[in-house]
Structure formats: structure tokens, C-alpha cells
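What you are looking at is a predicted structure, and each value in this text was computed from that prediction instead of being measured. Throughout, a chain's letter reflects where its sequence line sits, starting with A, and its residues are numbered from 1. Because only heavy atoms are used, hydrogens play no part in the values below, and waters and symmetry mates are left out as well, while side chains stay in.
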Amino acid sequence: MTSVLVIVCPAILAKSANHSACYNLIFPALSDPAAFDGPIDKRRSILALDEKIYELRRDKLKQIEALGQEAYPRKYDFTHIVPQILAHYSASAGEQLEASRVNVRVAGRIMAIRLMGKAGFAHLQQGGQKLQIYVKKDAVGEKDFELYKLLDLGDHIGVSGYLFRTRTGELSIHVEEITFLSKDLLPLPEKWHGLTDVELRYRQRYVDLAMNPEVREVFVKRSKLVQSLRRFLDSHDFIEVETPMMQQVAGGAAARPFTTHHNTLDVDLYLRIAPELYLKRLTVGGFDRVYEINRNFRNEGISTRHNPEFTMLEFYQAYADFRTAMDFTQKLIQQAAVDVNGTAKSKWGAHEIDWSNFHRMTMREAIIHYWPEGSGAKPELSDFATQDSVKNLVERFNKGHAHVAYDPKEPAGKTIASLFEAAAEEHLIQPTVIYEFPTAISPLSKQKADEPEWTERFEIYAGEMEISNGFSELNDPVEQRKRFEAQLSERERGDDEAHQMDEDYIRALSYGMPPAGGVGVGVDRLCMLLTDSHTIRDVILFPLLRPEKESEASPQEPES
RNA sequence: GGGCGCGUAGCUCAAUUGGCAGAGCAACUGACUCUUAAUCAGUAGGUUGUAGGUUCGAUUCCUACCGCGCUCACCA
């Protein structure tokens with residue numbers, strides 16, 4: 001049995017040549033220490049520099065071991081973390097620190113190091129913050145100073161010593177003992193500009209996070225956001241549940257699913273596109289308030305607003321309708337904004353979004369309100385009533401604005417929704433609730449009592465993005481079957497994103513589902529809005545990218 | 001999938017009209033016991049994303065491909 005260490009060499013970072021030689025660079029088996037410690041096979045050493053640095057640092061690691069330090073120790077007992085020290089002692093004057101000595105043991109990654117003969121400085125980074133250490137040969141002794149000289153940017157160390165202020169007044173640790181904790185064998189990006197290449201930032205998020213504190217901050221805020229959503233729902237007596245990610249019918253949304261296969265059962269399964277139908281089954285079972293925060297998977301395009309896997313909050317409240325849900329969602333989002341940023345206002349590019357003030361209008365009102373100047377008279381409510389009048393509206397609209405396609409075979413409601421998106425979406429920067437959606441595009445929503453062509457459904461927009469979607473849940477099994485059947489005919493018409501029939505869901509409704517309001521919230525998009533991130537990849541730690549090419553040697557296959 | 005743009009040292013970027021591929025940081029050697037983008041002296045590091053083409057000569061012009069970004073379409 002041989003174990004093999006595969007080195008992904010830094011040339012890959014550089015989009016540079018010779019991927020194959022680099023990618024397949026394999027060091028001798030770990031089980032043979034002599035082989036491992038030996039020089040790299042020169043036949044594979046195309047990129048001499050990177051291997052030179054790697055080798056050099058491995059060599060330093062051996063020298064560090066020779067000083068009596070462990071190469072990869074198991075733990076370090078610390079008394080403080082860097083952010084803690086900065087928070088507690090930033091205001092302490094040098095005299096204070098001298099008068100009552102503060103002893104500390106701290107661990108961190110070296111992000112800057114300056115050697116000056118028999119003394120030196122370094123900056124330790126932990127928790128996204130940096131603290132300077134001062135290492136003097138007289139103070140740490142011969143051996144630890146030798147160790148200090150062997151340290152590289154990126155190494156992890158622990159130091160014990162006491163706090164003081166340097167001549168220039170910077171709070172620092174006067175080190176008395178250094179413990180080596182881990183070696184960085186690959187060179188970090190340049191300290192001044194950091195890592196800016198977006199591809200590398202996504203592919204090697206670990207380097208991005210180590211180098212760019214503002215990136216770290218975004219993901220800290222994301223954590224606060226999710227925490228806030230949970231806290232709010234928990235405090236309103238919702239219980240969190242987990243429903244299947246692998247489903248036999250991918251329902252609850254209009255999207256193409258990913259497919260997979262279970263071998264033992266020999267069944268094809270879909271990765272879920274939404275948890276909706278399962279959560280509503282739970283309301284049938286008597287869980288009156290449920291929510292789930294988890295991943296959905298949609299096999300659609302990738303863009304600044306779309307990642308194939310994304311995080312969605314869905315919640316359902318029995319004995320409530322879409323109006324209750326609207327009010328509740330608004331409060332949920334307002335609370336999240338405050339919890340994340342400490343204020344109800346957030347920067348969004350050149351704009352400032354005010355989460356304390358939600359606008360509200362129906363979809364039809366929005367189309368009328370944002371009707372383009374060049375498209376003539378604003379529509380009347382009656383213009384939305386018939387297939388012909390809607391066709392007329394589209395023709396009028398297209399005179400003054402970008403083209404909206406008209407397909408006489410598609411239901412009028414679907415055309416109206418397209419019209420809404422074309423006319424209004426780009427204006428919806430401040431939080432806006434749009435409600436009353438066409439029944440044709442809302443197969444899971446309850447109709448309005450007085451207008452069966454329209455449903456009790458709303459979406460919340462902000463920053464020109466849809467971030468939430470909710471409605472009075474359709475709980476009439478007979479009507480639900482009809483809606484599914486209408487979707488099936490859409491599917492036959494060629495819409496492969498139309499909903500599928502779900503017999504078990506109909507059966508569940510037949511046992512009696514309480515009236516309920518349900519809502520979905522796009523967590524990634526909300527996070528984008530609250531962190532002024534204009535691409536979804538900046539709020540997803542490891543966004544989906546094309547795989548790195550493994551070998552230049554294999555023939556390039558032309559795109560089919 | 002369509003359109004536009006980008007790809008040069010580990011990182012951040014230069015390279016005039018097509019004419020010897022460079023700098024800073026990082027790395028290495030040496031000096032330096034309060035520096036902080038430490039400083040000073042020296043050294044090394046490149047198949048300019050890949051493959052072809054035009055040319056006496058290609059980082060530069062052309063074609064295809066690979067990767068990334070922006071954008072349109074679809075979607076949340």
C-alpha cells in the first residue's frame with residue numbers, strides 16, 4: 001500500500017504553461033521517508049522555481065525540527081486571540097502596560113516579517129486582524145531566534161510574551177518564546193496588492209480569505225444573516241426541518257433539475273429545485289410553522305445572479321394567508337438588515353437601500369406605474385383582461401422599449417409577467433413588494449376570490465433582483481390537479497421548466513392541508529444586497545467554476 | 001448558447017510602429033537589536049494560456065481552442 005502526495009503546483013495559479021507536467025507532479029511515497037526527503041525527480045521538474053521554493057521551505061522545516069520543534073504539532077494552548085487583544089488593549093498606554101504587565105500566548109499566521117540582524121518584527125494575523133510581535137535575540141534566546149530566522153510569510157506560529165508599545169506607539173507582543181505550528185510551503189500573493197485575480201480568488205478561496213480581510217468580512221456577515229433568519233423564525237415558534245434533497249419528482253418551482261441515480265433501488269432521482277412540496281406535506285401532518293434553510297439545485301445558466309446550487313429559506317405558516325406572509329417577511333428582512341449591518345440602511349453601488357421602508361404595489365399597478373414614456377398611454381386595468389388586449393399591450397410596449405416577445409400560444413398571464421419584468425424590474429432598487437400574480441405562472445398559489453385569473457402571490461424585489469416569493473398556498477387537491485395538468489400541457493408545448501405532476505402531493509392535500517401562507521427567500525441574493533456584492537460568487541465560498549484542466553498532454557476536444 | 005473584453009515571473013503590473021521580455025513585492029546570499037510597503041548591497045527566477053498561420057523577425061497581426069470577466073437570452 002503506497003500513499004501518494006500530489007502537489008498542485010503554483011503554476012496553475014498563474015494560468016501558465018505546462019499544466020500537465022505541473023498537475024501530475026507526484027512526490028515519492030510518504031511511506032518511504034528517504035524517497036520523500038530526496039530531490040524532486042528532475043524529469044518532472046519543468047517549473048524549477050516553484051519546486052525550488054517548495055523544496056527550500058521543506059528544507060527549512062527540517063532545520064526547524066532540528067531545533068527541537070515539531071513540524072506539525074497537534075495543539076497550542078493560547079490565552080488570547082488577536083482580535084481580543086486589539087479590542088481590550090488598543091487604548092492602553094505604554095506606561096500602563098509596563099506598570100502592570102499583561103502576559104499573553106497567541107497563535108496566528110505570519111503576514112509580514114522584518115529581520116534586523118539580532119532582532120526583528122512580524123505581524124501575526126488571526127480572525128482577520130493583525131498584531132505585531134517583536135522578537136529580540138536577548139529575549140527569546142539563541143534557539144528561538146534561529147527559529148525566527150527560519151520563518152516564512154504564511155507560517156503559523158504561537159508566541160508567548162507580554163504586551164508593550166513600540167517607539168512608534170504600536171501595540172505589540174514582546175516575545176519570550178516562539179512555538180512553531182505549521183509551514184506554508186507555497187508562496188502567498190504579494191502583500192501590497194494582495195490577490196486580485198478573480199479566477200484565482202474563487203478557485204483558491206483559502207488564499208483569498210487569508211489575504212483579503214474584506215472578503216472574510218462578507219462571509220462573516222453571511223453567517224450573521226443566516227443566524228438572524230433562524231433566530232427570527234425560532235422566536236416566532238417555527239421549527240426547522242430538513243426535507244429530501246434527492247427527490248423522485250423535482251417539484252415546487254419552474255426549473256430544470258440535475259439528475260442522479262440510486263444504484264441499490266435502481267431509481268433515477270433529481271436534486272431538488274425547491275423544498276416547497278415537502279414542507280407543505282408537513283403542514284398536512286400538523287407542523288403548523290416550519291422552515292428550512294438549505295441548498296436548492298437548478299440546472300440552468302450561471303450568471304452574476306445565478307449559481308447552480310444556492311441557498312433558500314422557505315417557511316410555511318398554517319392558518320395564515322399571503323398578507324400575513326407579506327408582513328412577516330418584510331419584518332424578517334428588516335431585522336436581518338439590522339443584524340448584519342447594525343442599521344436598516346445598506347450601500348448598493350451608487351444607491352442606498354432603505355430596508356425600513358418597503359413599497360407595495362400589484363403587478364398590474366407596477367406595469368402601469370413604470371410604463372415607458374415612448375409607449376403611449378398608460379394601460380388601463382381592463383387591458384390585462386383578455387388575450388387580445390394583452391397582445392395589444394405588448395405591441396404598444398414594444399414601441400417604447402426593448403422588445404418583449406409575444407407568443408399567442410402562451411397563456412396571457414405569462415405574457416403579462418414578461419411585460420412586468422421588462423417594464424418594472426430595472427426600477428425596483430428600493431425594497432418593493434409586488435403582489436397579485438397571474439394564475440398561469442403560479443400553479444401552487446391560491447386564486448383571488450374575485451379574480452380567478454390572478455393569485456394571492458407576492459414577490460419582494462430590491463436592487464433589481466427578486467429576493468422573495470410567497471403566497472396563499474393552494475390546498476384544494478382538485479384545483480391543484482388541474483393546475484398540474486395545465487403545467488403538463490405547457491411542458492408538452494416545449495417548456496421543460498414547467499412543473500411536473502406529483503401524485504403523492506395531491507394525495508397529501510386530499511388528507512386536508514390547513515390554509516397557509518408560505519414564503520421563499522433567496523439567501524444568497526439577500527446577502528449580496530446586504531454586503532454590496534454585485535456578483536453571487538462573492539457571497540458563495542466555493543462557487544461553481546469550470547474544472548481546472550488536468551492535462552495539456554491529452555488532445556483538446558473541440559466543443560460540440 | 002450569442003456578443004464584447006482579458007490572459008506576460010509566485011503575486012501586482014510594464015514593454016513605443018512587429019525589432020534584445022522589464023519593474024516592484026515575494027524568494028535566495030550578505031549587513032543591520034524599535035521596524036512597519038523596513039533599509040542597504042548582491043543573486044536567481046520566463047516555451048508571454050495552448051496550437052497553428054503571416055513575417056527576415058510575433059508578447060504585439062490573423063485563425064482555432066482553453067480559462068476567466070462583462071453582457072444578452074433562460075432562471076431565483
(request) List in chain and number order the residues that pass ring pair (Phe, Tyr, Trp, His ring centres under 6.0 Å) with A:Phe145, two or more places apart in sequence or in another chain; answer none if no residue qualifies. (result) A:Tyr148
(message) Whether A:Glu309 and A:Arg272 form a salt bridge (side-chain N of Lys/Arg under 4.0 Å from carboxylate O of Asp/Glu) is what I want to check.
(response) no
(request) Sequence neighbours left out, what passes side chain to side chain donor-acceptor pair (under 3.5 Å) with A:Asn294? Give chain and number order. (result) none
(request) Applying salt bridge (Lys or Arg N to Asp or Glu O under 4.0 Å), name anything that partners A:Lys149, two or more places apart in sequence or on another chain. (result) A:Glu146
(message) So for A:Gln132 and B:rU35, does any side-chain atom that can act as donor or acceptor lie under 3.5 Å from a complementary atom in the base?
(response) yes
(request) Enumerate the residues from residues 147-157 of chain A whose closest heavy atom to RNA chain B is under 4.0 Å, giving them by residue number; use none for an empty result. (result) A:Asp152, A:Leu153
(request) Could you tell me whether A:Glu436 and A:Arg457 make a salt bridge, using a distance below 4.0 angstrom between a side-chain N and a carboxylate O? (result) no
(message) Students often get this wrong, so: under 4.0 angstrom with heavy atoms, is A:Tyr461 touching a base, only sugar-phosphate, or nothing?
(response) nothing
(request) Tell me the stems RNA chain B sits in, counting at least three consecutive Watson-Crick or G-U wobble pairs, each under 3.5 Å on both distances. (result) B:1-7 with B:66-72, B:10-13 with B:22-25, B:27-31 with B:39-43, B:49-53 with B:61-65
(message) Categorize A:Gly120 for me: base, sugar-phosphate, or nothing, with a 4.0 angstrom heavy-atom threshold over every strand shown.
(response) nothing
(request) Not counting sequence neighbours, which residues clear side chain to side chain contact (heavy atoms under 4.5 Å, CB included) with A:Pro244? List them please. (result) A:Gln247, A:Tyr278
Would you tabulate the pairs of protein nitrogen or oxygen atoms and nucleotide nitrogen or oxygen atoms of nucleotides 30-32 of chain B closer than 3.5 angstrom?
residue : atom : partner  : partner atom : Å
B:rC32  : N3   : A:Gly117 : N            : 3.2
B:rC32  : N4   : A:Gly117 : N            : 3.4

Give me, pair by pair, the N or O atoms of the protein and of nucleotides 40-43 of chain B that are less than 3.5 Å apart, along with how far apart they are.
none

(request) Quick one: list whatever passes side chain to side chain contact (heavy atoms under 4.5 Å, CB included) with A:Val218, sequence neighbours left out. (result) A:Thr531, A:Ser533, A:Val539
(request) Tell me, please, which residues at least two apart from A:Phe258 pass side chain to side chain contact (heavy atoms under 4.5 Å, CB included). (result) A:Leu271, A:Phe297, A:Asn299, A:Pro308
(message) Run the side chain to side chain contact (heavy atoms under 4.5 Å, CB included) test against A:Val433 and tell me which residues pass, sequence neighbours left out.
(response) A:Met326, A:Gln330, A:Phe358, A:Arg360, A:Phe458, A:Ile460
(message) It should be established whether A:Arg546 places a side-chain nitrogen or oxygen under 4.0 Å from OP1 or OP2 of nucleotide B:rC66.
(response) no
(message) With side-chain hydrogen bond (donor to acceptor under 3.5 Å, both in side chains) as the rule and sequence neighbours excluded, what pairs involving residues 420-429 of chain A come up?
(response) A:His401-A:Glu426
(message) With a 4.0 Å cut-off on N to O distance, would you call A:Asp155 and A:Arg109 a salt bridge?
(response) no
